[in-house]
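Worth knowing before you read on, the calculation uses all heavy atoms, side chains too, and leaves out hydrogens, waters and symmetry mates. Counting begins at 1 with the first residue of the sequence. Just so you know, these numbers come straight off a predicted model, no measurement behind them.
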Amino acid sequence: MLNIVLFGPPGAGKGTQAQKLIDKYKLNHISTGDIIRAEIKKGSPLGKSVEGYIARGELAPDALVIELIADYLESKGKDSGNIFDGFPRTTAQAQQFDKMLLSHGMKVDMMVSLEVPEQELVQRLLLRGSTSGRADDADEAVIRNRIRVYNAQTAVVTDYYALQHKYTAVNGLGTIDDIFARLCTVIDAH
Ligand code: AMP
């Protein structure tokens with residue numbers, strides 16, 4: 001069972017690459033961002049409680065996101081390997097995640113981080129905003145805040161996995177297929 005944390009700043013291409021990876025390696029996929037957006041769309045109490053954070057480009061509270069992951073692990077996460085996309089985003093989430101996985105006899109095998117310079121991220125996200133319908137992609141101030149939050153709270157999570165010798169950085173520039181090939185090389189070497 002292969003459990004991969006697909007990491008990187010907003011706009012790095014995690015969602016796009018996750019789709020290709022799940023096909024090739026027959027993995028389940030969880031994106032905490034997708035789940036949160038679906039809850040907001042439904043107008044559920046959970047959705048209502050996090051709407052403001054997402055609109056501002058801030059992180060949702062750790063406890064809430066942990067709960068989403070716990071539900072996922074209970075339902076389908078323990079049946080096969082997984083790609084965790086957009087999670088964990090804080091060291092506290094990574095610590096709790098390890099405990100949760102351990103209780104299911106599971107572990108993170110590797111964290112692969114897509115590296116993309118900030119200027120390119122902003123351009124990609126603005127472009128995506130014109131078609132994705134995501135309000136947090138349409139507003140440059142919110143995009144910049146998401147990148148700021150990534151640098152301040154999320155980037156440090158690489159240290160957590162580096163200490164466990166599980167972290168690899170991958171160049172996130174180039175065509176979708178180029179980047180996919182780089183990811184596959186890292187995964188196949190595991
Ligand atoms: P994403 O689709 O991964 O870019 O996530 C969209 C938004 O959902 C983020 O800007 C956060 O507000 C929230 N979110 C997604 N995943 C997490 C997480 N692991 N921790 C905290 N907030 C999250």
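- The closest side-chain donor-acceptor pair between Asn151 and Arg148, if any, does not fall under 3.5 angstrom.
- Summarising the geometry, atom OG1 belonging to Thr16 is positioned 8.5 Å from atom CZ belonging to Arg124; distances are rounded to the nearest 0.5 Å.
- Asp85 has no carboxylate O lying under 4.0 Å from a charged side-chain N of Lys14, or vice versa, which leaves the two without a salt bridge.
- Ring planes of Tyr72 and Phe84: perpendicular class, angle over 60° (limits at 30 and 60°).
- For the pair Ile69 and Thr32, the minimum side-chain heavy-atom distance is below 4.5 Å.
- Proximity of Asn28 to Ile83: side-chain heavy atoms (C-beta onward) are nowhere separated by under 4.5 Å.
- The pair Arg144-Glu118 counts as a salt bridge, with a side-chain nitrogen and a carboxylate oxygen less than 4.0 angstrom apart.
- Looking at Arg146, its side chain never comes within 3.5 Å of a backbone N or O of Pro10 through a donor-acceptor pair.
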(message) Please evaluate residues Asp137 and Leu126 with respect to the criterion side-chain contact (heavy atoms from CB on, under 4.5 Å), reporting the C-alpha separation (whole Å), side-chain torsions for both, the decisive distance (0.1 Å), and the verdict.
(response) CA-CA 6 Å; Asp137 285 345; Leu126 282 171; over 6 Å; no
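- Side chains of Met110 and Leu2 form a contact here, defined as non-hydrogen atoms less than 4.5 Å apart.
- Between the CZ atom in Phe7 and the CE atom in Met111 there is a gap of 4.0 Å [rounded to 0.5 Å].
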Contacts table for residues 183-190: side-chain donor-acceptor under 3.5 angstrom, sequence neighbours left out:
unit_1	atom_1	unit_2	atom_2	d
Thr185	OG1	Ala181	O	2.9
Asp188	OD1	Tyr25	OH	2.8

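- Residues Asp23 and Gln19 have side chains not in contact (no heavy-atom distance under 4.5 Å, counting atoms from C-beta outward).
- The pair Arg37-Asp34 meets the salt-bridge criterion, since a charged nitrogen lies less than 4.0 angstrom from a carboxylate oxygen.
- If you run side chain to side chain contact (heavy atoms under 4.5 Å, CB included) between Gln17 and each of Ile22, Val112, Leu114, only Leu114 comes through.
- With rounding to the nearest 0.5 angstrom, the CG atom of Asp71 is 8.5 Å from the CD1 atom of Ile35.
- Taken from OG in Ser31 to CG in Leu68, the straight-line distance is 10.5 Å, to the nearest 0.5 Å.
- Side-chain contact, His29 with Asn82: no donor N or O sits under 3.5 Å from an acceptor N or O.
- Under a 3.5 Å cut-off, the side chain of Asn3 and the backbone N or O of Gly81 do not form any donor-acceptor pair.
- Of all non-hydrogen atoms in Ala60 and Val65, the two that sit nearest each other are CB-CG2, 3.9 Å.
- There is a path of hydrophobic side-chain contacts, each under 4.5 Å, that joins Val108 to Phe87.
- Geometrically, Lys166 does not engage Tyr161 in a cation-pi contact, judged by NZ or CZ lying under 6.0 Å from the ring centre and within 45° of the ring axis.
- Using modelled atom types, no side-chain atom of Lys107 and backbone atom of Leu101 make a donor-acceptor pair closer than 3.5 Å.
- Here the side chains of Leu64 and Ser49 are in contact, with some heavy-atom distance below 4.5 Å.
- Between Lys78 and Leu73 the shortest heavy-atom distance is CG-O, 3.2 Å.
- The shortest heavy-atom contact between Ser113 and Tyr167 is CB-CE1, 3.7 Å.
- Under the 6.0 Å distance and 45° angle rule, Arg56 counts as a cation-pi partner of Tyr53.
- Separation of atoms CD (Gln123) and CD1 (Ile143) is listed at 10.5 Å; rounding is to 0.5 Å.
- In the hydrophobic clustering of ILVMFWY residues, with side-chain heavy atoms under 4.5 Å counting as a link, Ile179 and Leu6 come out together.
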Please output the side-chain donor-acceptor pairs of residues 152-160 that fall under 3.5 Å, not counting sequence neighbours, one pair per line with the distance.
unit_1	atom_1	unit_2	atom_2	d
Thr154	OG1	Arg89	O	2.8
Thr158	OG1	Ala155	O	2.8
Tyr160	OH	Asp98	OD2	2.6

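- Comment: Glu39 engages Lys42 in a salt bridge, judged by a side-chain N to carboxylate O separation of less than 4.0 angstrom.
- Hydrophobic clustering (side-chain heavy atoms under 4.5 Å, transitive across Ile, Leu, Val, Met, Phe, Trp, Tyr) keeps Ile66 apart from Leu59.
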(message) Working note: Lys24 + Lys20, criterion side-chain contact (heavy atoms from CB on, under 4.5 Å); need CA distance, chi angles, decisive distance, verdict.
(response) CA-CA 6 Å; Lys24 172 157 178 172; Lys20 294 175 73 73; over 6 Å; no
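- Note on Ile54: it clusters hydrophobically with Ile30, by side-chain heavy-atom contacts below 4.5 Å among ILVMFWY residues.
- The OG1 atom of Thr90 lies 8.5 Å from the CD atom of Gln96; values are rounded to the nearest 0.5 Å.
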(message) Please determine whether side-chain contact (heavy atoms from CB on, under 4.5 Å) holds for the pair Glu74 and His104, giving the CA-CA distance in whole Å, both sets of side-chain angles, and the decisive distance to 0.1 Å.
(response) CA-CA 9 Å; Glu74 283 298 333; His104 288 288; 3.3 Å; yes
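- Residues Val170 and Ile176 fall into different hydrophobic clusters, defined by Ile, Leu, Val, Met, Phe, Trp and Tyr side chains chained together at heavy-atom separations under 4.5 Å.
- Counting heavy atoms from C-beta outward, Ile4 and Leu21 have side chains that stay 4.5 Å or more apart.
- Side-chain contact, Asn171 with Glu115: no donor N or O sits under 3.5 Å from an acceptor N or O.
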(request) Report the C-alpha separation of Gln95 and Lys99 in whole Å, then their side-chain angles, then the decisive distance to 0.1 Å, and conclude whether the side-chain contact (heavy atoms from CB on, under 4.5 Å) test is met. (result) CA-CA 7 Å; Gln95 287 165 339; Lys99 282 190 201 153; 5.8 Å; no
